[in-house]
Amino acid sequence: MDHSFLFLPHAVLHTQNGRVAIVMGGARGMGYETARHLASLGMHVVIAGNSEEEGLQAVKKIHEEGSEGKVEFLFLGLCSLKSVRQFVHRFKARALTLHIPVNNACIMLVSEGKTEDSFELHFGLNYLGHFLLTNLLLDKLKRSGRHDACSRVVTMSSATHYVGILNMEDLHGRSCYSELGAYSQSKLSVVLFTYHLQEKLTAGGFPVTSKAVDPVMVDTDLYNKLCIPAPAAKKPVAKMLFRIPAEGASTAILAATASQLEGVGGCYFYNGERTESADITYDHNVRAERWKQSCALVVLRNTSAMESTLQHLISSNISPPPQRQF
Ligand SMILES: NC(=O)c1ccc[n+]([C@@H]2O[C@H](COP(=O)([O-])OP(=O)(O)OC[C@H]3O[C@@H](n4cnc5c(N)ncnc54)[C@H](O)[C@@H]3O)[C@@H](O)[C@H]2O)c1
């Protein structure tokens with residue numbers, strides 16, 4: 001059965017029975033709308049997030065709507081690489097397949113701070129957390145995909161990536177921290193990651209694609225912390241300028257499920273259409289360098305070796321090795 005899609009009438013979305021998705025940050029905002037829609041298409045959806053209360057509420061709401069797919073919550077704290085590894089371990093213990101990870105969780109424009117592993121907050125959560133998570137899930141994605149029905153990695157970027165500056169020597173912006181600089185660097189990094197991942201998957205002949213998504217400006221909690229001179233004007237202004245979350249989520253849903261995008265990867269979607277990303281994202285050497293650097297930062301050499309180490313660490317109740325300090 002095909003489903004019509006209110007916000008993207010040209011998209012052909014087939015039912016997704018038997019497919020499994022994980023939506024990072026799926027308890028609210030666009031993540032919630034994505035989880036809700038994927039479940040309505042019959043997918044088994046895992047909402048991954050750092051608030052159990054919010055996550056369980058989201059699951060309840062989706063169940064109450066009578067979605068066709070199964071929905072559940074699993075804890076994931078993206079500010080901690082240990083939590084990312086534990087999440088992967090718990091997910092794999094479920095012996096489910098995996099077709100669609102939606103790398104959607106984020107923070108934006110927060111004051112200078114560090115993750116549990118001492119990375120700058122935007123860089124650590126928006127980028128490195130999803131980088132490690134995706135890498136640890138790749139074996140599942142490769143096994144679950146088929147060449148006529150690929151697994152699809154969907155990663156949320158933002159138009160701010162166009163003004164992002166990569167500073168490989170000063171990832172944490174310690175010499176001159178700016179909230180916008182930190183957010184935009186994290187969103188540029190996810191595009192580099194998306195394209196480099198596709199290059200590796202294509203070279204290996206794996207049935208997995210990787211796409212970056214820019215949902216345009218959407219009225220979500222992401223803007224709650226912004227300092228607005230007249231707070232009373234915030235809602236009416238937001239209504240005029242921003243889209244609603246269900247509309248914003250439509251591009252991620254399209255990237256995750258649309259039949260016309262089968263086998264399409266290594267590209268950037270804005271507002272439902274494929275478009276060009278920043279020039280630097282097409283530079284293979286920059287992408288390869290950032291990938292190598294990220295592997296070192298999350299202590300990831302090769303996925304299968306990493307997994308067996310992880311199994312060992314978790315079963316012996318030992319914490320993973322300390323991360324490098326920068
Ligand atoms: N809203 C916009 O205008 C806009 C524009 C461009 C791109 N985006 C991107 O879209 C995505 C979704 O944004 P949104 O607007 O729905 O934001 P939101 O604030 O509504 O949702 C963010 C989600 O991330 C989760 N999250 C935050 N910290 C976490 C942590 N430490 N561990 C696990 N989960 C955590 C939150 O719980 C929440 O579910 C983001 O990647 C954002 O960068 C949003």
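Since the structure is predicted, the reported quantities are computational estimates derived from the model, not experimental observations. Counting convention: from 1, in listed order, for ligands and their atoms alike.
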- Is Val216 touching ligand 1 with its side chain, its backbone, both, or neither, if touching means heavy atoms under 4.0 Å apart? backbone
- Aromatic rings Tyr268 and His161: how do their planes relate, parallel, tilted or perpendicular, breaks at 30° and 60°? tilted
- Message: Are any of the N/O atoms on Asn104, whether in the backbone or the side chain, positioned under 3.5 angstrom from an N/O atom of ligand 1?
- Response: yes
- Query: Does the side chain of Met156 come within less than 4.5 Å of Val190's, by heavy atoms?
  - Reply: no
- Message: Whether the side chain of Asn104 engages the backbone of Val23 through a donor-acceptor N/O pair (distance < 3.5 Å, no angle test) should be reported.
- Response: no
- Task: Please state whether the rings of Phe123 and Tyr127 are parallel, tilted or perpendicular, taking 30° and 60° as the class boundaries.
- Result: tilted
- Using distance alone, determine whether Gly25 and ligand 1 share an N or O pair under 3.5 Å. yes
- Heavy-atom nearest neighbour in the protein, as seen from atom 3 (O) of ligand 1, with distance rounded to 0.1 Å: Tyr223 OH, 2.6 Å
- Task: Please confirm whether Ser51 comes under 4.0 Å of ligand 1, counting heavy atoms of the residue only.
- Result: no
- Message: Tell me whether the count of non-hydrogen atoms from other residues, nucleotides or ligands lying under 6.0 Å of OH in Tyr162 goes above 12.
- Response: yes
- Find out if a path of hydrophobic residues (ILVMFWY) with successive side-chain heavy-atom gaps under 4.5 Å connects Val163 to Val191. no
- Message: Looking only at protein heavy atoms, which one is nearest to atom 32 (N) of ligand 1, and what is the separation?
- Response: Leu78 N, 2.9 Å
- Which residue and non-hydrogen atom of the protein lie closest to atom 15 (O) of ligand 1, and at what distance in Å? Thr220 OG1, 2.5 Å
- Query: Evaluating non-hydrogen atoms only, which member of Gly77, Gly124, Ala159, Ser157 is closest to atom 7 (C) of ligand 1?
  - Reply: Ser157
- Message: I'd like to know if Arg28 pairs up with Glu33 as an ion pair, taking the criterion as any Lys NZ or Arg NE/NH1/NH2 lying under 4.0 Å from an Asp or Glu carboxylate oxygen.
- Response: no
- Message: To check your reading of the model: name the closest protein heavy atom to atom 44 (C) of ligand 1, its residue, and the distance in Å.
- Response: Met30 CE, 3.4 Å
- Taking heavy atoms and a distance under 4.0 Å, where does Lys187 meet ligand 1: side chain, backbone, both or neither? side chain
- Looking at Met217, which atoms of ligand 1 are within less than 4.0 Å of one of its heavy atoms? 3 (O)
- Message: Less than 4.0 angstrom from a charged side-chain N to a carboxylate O is my criterion; do Lys61 and Glu65 meet it?
- Response: no
- Task: Would you mind checking which non-hydrogen protein atom is closest to atom 28 (N) of ligand 1, with the distance to 0.1 Å?
- Result: Leu125 CD1, 3.7 Å
- Message: Does the plane of the ring in His196 sit parallel, tilted or perpendicular to the ring in His284? Use 30° and 60° as the thresholds.
- Response: tilted
- Using a strict cut-off of 4.0 Å, indicate which atoms of ligand 1 neighbour a heavy atom of Cys79. 31 (N)
- Tell me which protein heavy atom sits closest to atom 35 (C) of ligand 1, plus the residue, atom name and distance to 0.1 Å. Asn50 OD1, 3.6 Å
- Query: Of all the non-hydrogen atoms in the protein, which one sits nearest to atom 42 (C) of ligand 1, and at what distance?
  - Reply: Cys106 SG, 3.3 Å
- Item | Test item: Lys187 side-chain N/O and Asp214 main-chain N/O as donor-acceptor pair under 3.5 Å | no
- Item | Aromatic ring pairing Tyr183/His122, orientation class (parallel under 30°, perpendicular over 60°, tilted between) | perpendicular
- Message: Please list the nearest protein heavy atom to atom 43 (O) of ligand 1 with its residue and the distance rounded to 0.1 Å.
- Response: Tyr183 OH, 2.7 Å
- Task: With heavy atoms under 4.0 Å as the rule, classify the contact between Leu76 and ligand 1 as side chain, backbone, both or neither.
- Result: backbone
- Task: For Gly29, counting its heavy atoms only, list the atoms of ligand 1 lying under 4.0 Å from any of them.
- Result: 16 (O), 20 (O)
- Examine Lys92 relative to Phe87 and say whether NZ or CZ is less than 6.0 Å from the centre of the six-membered ring and inside a 45° cone about the ring axis. no
- Task: Using a 4.0 Å heavy-atom threshold (strictly under), name the region of Phe87 that reaches ligand 1: side chain, backbone, both or neither.
- Result: neither
- Counting heavy atoms only, which of Gly248, Ala252, Pro215 comes nearest to atom 8 (N) of ligand 1? Pro215
